[in-house]
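Reading through the C-alpha cells given below for one structure.
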Amino acid sequence: MCGIAGILSRPRGQPPQARELSAMIGRLAHRGPDGNGIHLDGPAGLAHARLAIIDLAGGAQPLANETGSVWVTFNGEIFNFVELRADLVARGHAFRTQSDTEVIVHLYEDHGERFVEHLNGQFAIAVWDRERERLVLARDRAGIRPLFWTEAADRFLFASEAKALFALPEVPRRLDRRSLAQACTFWSALPPGTAFEGVQSLPPGHVMVVTAEGRRLERYWDWTFPSAHEAAPADDRPLADALRELLIDATRLQLRADVPVGAYLSGGLDSAIVATIVRRFTGAPLRTFSLTFEDEEFDESGFQREMVAFLGTDHTSIRCTRADIAAAFPRAVFHAEAPIVRTAPTPLMLLAGHVRAEGYKVVLTGEGADEVFGGYDIFKEAKVRRFWARSPGSASRPRILERLYPYLRHSPAAGRAFTQAFFKEGLEHANEPWFAHAPRWTTTRRIHQFFSPALRESLAGWDPYAEIAGRIPAAAAGWVPMGRDQYVEAHTLMSGYLLCSQGDRVAMAHSIEGRFPFLDHRVIEFANRLPPQLKLHGLQEKYLLKKSMAGLLPESIRARTKQPYRAPDSQSFFVAGRPVDYVADLLSPARLADAGHFDPVAVGKLVAKCAAGRAIGFADNMAFVAILSTMLLEEQFVRGGEGGKGAPACAPGLLAA
Amino acid sequence: MQDVKQAVRQFLLDNFAMGGGVTIADDTSFMEAHILDSTGFIELITYIEETFGLAVDDEEMLPENFDSLANIEGYVARKRAQAPAA
C-alpha cells in the first residue's frame, strides 16, 4: 500500500523533472512512509511512496520488466500474485523480486491493458509502455484504491490523492460547484467528478490509456444482476456451503503479507465473520481492534466484548469522545479531500492511528458485506415501498415500514402518518433505478437550501435523477429490482464515500491498509447471481450469508439486526452551547460570505439550532457537517495557498492565524 | 391571542426553511414542499405543544392537522375550544 504519482508530457509540454515528481510524491508521505522512488524516461515520469508489506527487501518501485520497456508504479495489493507468478514463470518470464508488483509488468507484456482482468486485488496502477509511448492507468473493480488525474500545461498528471496534483503550481485549486451539489445529495461526487474543478477520478473497474494524442477510457468490469424471473432453489444449503468456502478462500488470499495482519471488530455481523474465518480456517494469529463511543446511541462495545471472548483474541479498543471528533475533524477532511455529510470517518482515522501505534500496517474488515449481500435498511425500505406501490391505496401495506429503524432514538417511524407520507413520495417511480434512493437523497438534498443564492442559481435545472440515470447500464432495466438498488448503492455511497472518505483515506492517514474479503470480485459475482430472496428473505437481511455461518458465530451476533456505524455529528462541535473556536471562525458570516458557497443567514440559523441542542434530525446534522467540511476544504486547499501542503496537526493550530 | 400561523411560520423559517428565501403560504404542504421531513414533524409538534400549551394525542398526529399553517391554525382552535384555558 502506497502512494503513486506521475506525469506524461505532450509534445508541447515540458518534460517531467525529478523535483516535480519529488514534490508530488512528498505530499503522499502518509501513504508510504517506508521509502520513495522516481523513474524518469523522456516524456514520462513515475513516482512511488512505499508502505512495505510484501517482499520488504525487494519490492521497491517504480519497477520494470526484464528489458526495461515496461515500468509500473502501483498502490495496493494483487492477492493472487503467487498463482499469477507461477503461471508467468512457466511461460518464460524472468522475475527479479518476490513482490506482487512484478507480476503486473509481465502480465502487461502478455496482455496489454487487459492485464487488469487477471488481477484479484485492490489497486491503482500506472504502467508506462516506453515502446508504444503510452501510459495505462487501472483501478480495481470495487473502487478500493483511489486514482485522480488532471491536465495542465500540455501535461497529463495523476496521483493517489488530489493534494499531490496541487504540488504543481500550474494546477488550479477551486471547489467544483456541481460536485458540491452531488455530495450534498448522493453523499459524494459522482465519478469522474471530484471536489475540485478540473480534477477527475478514474472510476472503479476502468482502464484509461493515455498517449500524446489523447485518452481512451474503458470499463473492464461492472456489477451485473440476473433478470427478474429466477426462482430460489428449494434447498439453499449447497449455496450457503459454497459461499462459506468462497469467503474462506478470499480471506486466505487477503492474509497474504510479510507483516502481521490485524482485524477490526465493530460488534456487527460482517467483521465478526471475517475474524471468525481467520480464527477457524487459517493459521494466522488474530489481533483485533475496535472503536467504542462515550455516546450510548453509537456504542457497540457490548457486542464487541462478546466476540472478543468468543474468539479469544488479543484485542484493544479506543474510546472516542465528541471532543476527539471535533479536534480531529479538520485532519479527516484534509485526507478525505471531499465534502462529507457525516463525521463517521473521523473516529476510524483515530482507530487507524491506534492500529499503527500497535505496530500493524494491515487490517481486515467487514466492509462491503451490506452492499453485496443486502444488509442495508434501504433495501428493505425499497422492498416495502415496491410492495406498497402495487396497491398505493392500501392502509396496511405501509404499516410494514414501522418494523424498520428500531435502533433510532428519534425514529422516523414515530409519527406514522408522516413517516408514510415521507416514504410515499416517488411511489409512482417504482421502476426507476433510483427508486430506493429517492427518500435518502431528498433528505440529503435539504442541504441545498443553505447554498448561496449564486450557487443555487448556477444549479438551476440540475436534476439529480438524470445524473444517476446517465450512469446506469441499459441492461439494468431487466434486472431484479433489488439488483438495481444494489447497483446504485455500490456506485454512489460505497465507492464514493465508504471506501474513500471513510475507507482508504482515513486509514492511509496513518499508513494503514484496509483489506475487504467481502469485496473480492469473486464474492461480489457470486452474490450478484443469487436470487434476491437469498439476500433479503422477507425483511431479514443477509439471509444466505448468515446461513453460511450457522453454528460458527454466537447466535446473538448472527441474528442481530444491523446497526449502521455512526458517530455523533453536530453535537461534537459544541461545548456548553458554544461552537468550538475553529468552527465559530469558519462559520462566521464574514468567512462564509467570502468563500461564497453558503448563505450566511441560513447557516447562522442552523448553527443556532445546533448550539441549542435542537438539531436532532439527519437533515440538520448532515447540513452542518457538509457545510463545515466544505469550509475546511476551502481553507485547506483553496485559500490556504499551500494547496494541501501538509496535514493539519490539530484543529486550532491550523486555523488560529 | 397569539397569531398561530405567524408564530409557526417563524418557527419553520428559523428551524427548517432556513435558507433559500422560502415563502410559506397558508396552504403550503410542508411535506410536499420539503419543508419538513418526518423527524421534523416531531419537532414541530413538540413546538406546538410547548408554545400553545396543549397536548397532541397520538391519533391526532395526522397531516390533516399539521401539514400546513391553515391546518395547524384550525387544529389549535379546535383544541382550545375543547379545553378552554382556565
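Below, chain A is the first sequence line, B the second, and so on; all start at residue 1. As the structure is a prediction and not an experimental result, all values here were calculated from the model.
Contact tally against chain B (heavy-atom pairs below 4.5 Å) for A/Leu606, A/Asp599, A/Val601: the top residue is A/Leu606.
Contacts between B/Phe16 and chain A at a heavy-atom distance below 4.5 Å involve backbone atoms as well as side-chain atoms. Contacts between B/Ile45 and chain A at a heavy-atom distance below 4.5 Å involve the side chain alone, from C-beta outward.
Side-chain contact check for B/His34 and A/Gln449: no donor-acceptor pair (N or O, by modelled atom type) lies under 3.5 Å.
A donor-acceptor pair under 3.5 Å is absent between the side-chain atoms of A/Arg446 and the main chain of B/Ala17, judged by distance alone.
Other residues, nucleotides and ligands contribute at most 12 non-hydrogen atoms within 6.0 Å of the CD atom of B/Glu32. Heavy atoms of other residues, nucleotides or ligands lying less than 6.0 angstrom from CZ of A/Arg397 number more than 12.
The two atoms that bring A/Asp620 and B/Asn15 nearest to each other are OD1-O, 4.2 Å, heavy atoms only. Considering every non-hydrogen atom in both A/Ala602 and B/Gly19, the closest pair reads CB-CA, 3.5 Å.
Distance check, rounded to the nearest 0.5 Å: NZ of A/Lys424 to CE of B/Met31 gives 12.0 Å. With rounding to the nearest 0.5 angstrom, the CG atom of B/Asp14 is 8.0 Å from the CZ atom of A/Arg614.
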Mind running side-chain contact (heavy atoms from CB on, under 4.5 Å) on A/Lys605 and B/Leu13 for me, showing each step along the way? CA-CA 9 Å; A/Lys605 290 177 179 179; B/Leu13 290 174; 4.3 Å; yes

